[in-house]
Amino acid sequence: MTTAHIPVVDFGSQFQDNKEQLGITLVDIFRTVGFVYLKNHGVPEETIQGAFGSSQKFFELGTDTKKKYGRPPGTDVNSGYVPVGMERLNAFLENEHKTVEIREAYNYLPFDKTKLPSEVPQFDETLSTLFVESTRLARDIFECIALGLCLEKQDIFVSSHQLIGQRGNPTTLRTLSYPPIDPSAEDAAQLTRCGTHSDYGTITLLYQDEIGGLEVENRDDVFLPALPMPGTILVNVGDLLQRWTSDLLRSTRHRVTCNNMQAIKKTRQSLAFFVHPDDNFTVKCLDGSDKYPPVSAGEYLQDRFKLTY
Ligand SMILES: O=C(O)CCC(=O)C(=O)O
Ligand SMILES: [Fe+2]
């Protein structure tokens, strides 16, 4: 198994020394592959492990306890616990319509203090620390991409994501847990961990544990493993950034499979930081074309959520 189809980029040293070249490299990768591993990203390992640790404590609580902190179905409020079977990322793919996604999640938005699990006292602090670090990295990535795209308005990405972490911006740190699956169970063939999809927002930062199972589609429509690589963060382009760049940058499809019989017997955890522009920002094609009509970032996301939940 190889992960060679997804390049690894040393973020830290280049961000200091040659931001422009780093931007050109990232844009080139986002145009072709859509995914990149970043090393020397500056997010402390203990911050990442802290968030994984308190997430694990949360997911180990009983279902009834977790449901006290549930994401209310059918509302605009995205924060809270999402039990197994509540969402379908692959709802519209013909050949996947019979699969069930065995995944639970907690959507963390730092300004909503109403659904914090009191059973895990360190939950808020550990997730909030990772949220802040991820925000810093996302802004640095945006600065580079704007340079790499030679945009006239160099601050457009940073200034359109000003409210990350506050009301008015839906950027979410989503902690995910994939419960073990018994490969010999009668319904095992109908189960998956995460159906084929692309992400909705501008970019996603993904922290994975060591279990594996993530697959990313290449240019020949073949899904290849995106193995966990210690010390790196996987970053990918979402649908809204693809639309904003008139399809120059690629929002690549991905999934988490049950193909590895050993891996699915174990719980898998990941942390996905889904970055979105401020709700009231209007996304217009950056090349001045009318390939896609202008859309309010907030309305765009609400429309996507309606299809998922
Ligand atoms: O768990 C993972 O590794 C990926 C999850 C994912 O792609 C998503 O939630 O959008
Ligand atoms: Fe995803």
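Both counts, for ligands and for their atoms, begin at 1 and track the order of listing.
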Centroid-to-centroid, [X] to [Y], below 6.0 Å?
| X | Y | result |
| --- | --- | --- |
| W244 | F157 | yes |
| H254 | F35 | yes |
| F131 | F273 | yes |
| Y81 | F58 | yes |
| Y106 | F59 | no |

Check: Does R255 have a non-hydrogen atom less than 4.0 Å from ligand 1?
Finding: no
Within a distance under 4.0 Å of any heavy atom of [X], pick out the atoms of ligand 1 and give their elements.
| X | result |
| --- | --- |
| H197 | 6 (C), 7 (O), 8 (C), 10 (O) |
| F274 | 8 (C), 9 (O), 10 (O) |
| H254 | 7 (O) |
| V256 | 1 (O), 2 (C), 3 (O), 4 (C) |

Next item on the list: Examine D199 against ligand 1 and note whether any of their N/O atoms are separated by less than 3.5 Å.
Entry: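 Indeed, backbone or side chain, D199 has an N or O that close.
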Margin query: If the cut-off is 2.8 Å, does any N/O/S atom of H254 fall short of it from the Fe ion (ligand 2)?
Written below: yes
Note to self: Of all the N, O or S atoms in D199, which has the shortest distance to the Fe ion (ligand 2)?
What the structure shows: OD1
Side chain or backbone of [X] under 4.0 Å from ligand 1, or both, or neither, by non-hydrogen atoms?
| X | value |
| --- | --- |
| Q208 | neither |
| S270 | side chain |
| R193 | neither |

Note to self: Looking only at side-chain N and O atoms, does S79 offer a donor or acceptor that is under 3.5 Å from a partner on K115?
What the structure shows: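 Result is yes, a qualifying pair exists.
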Margin query: Looking at K19 and E143, is any side-chain nitrogen of the basic one under 4.0 Å from a carboxylate oxygen of the acidic one?
Written below: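 Salt bridge: yes.
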Item checked: Step-by-step side chain to side chain donor-acceptor pair (under 3.5 Å) determination, S134 to Y207 -> CA-CA 10 Å; S134 303; Y207 306 85; 2.8 Å; yes
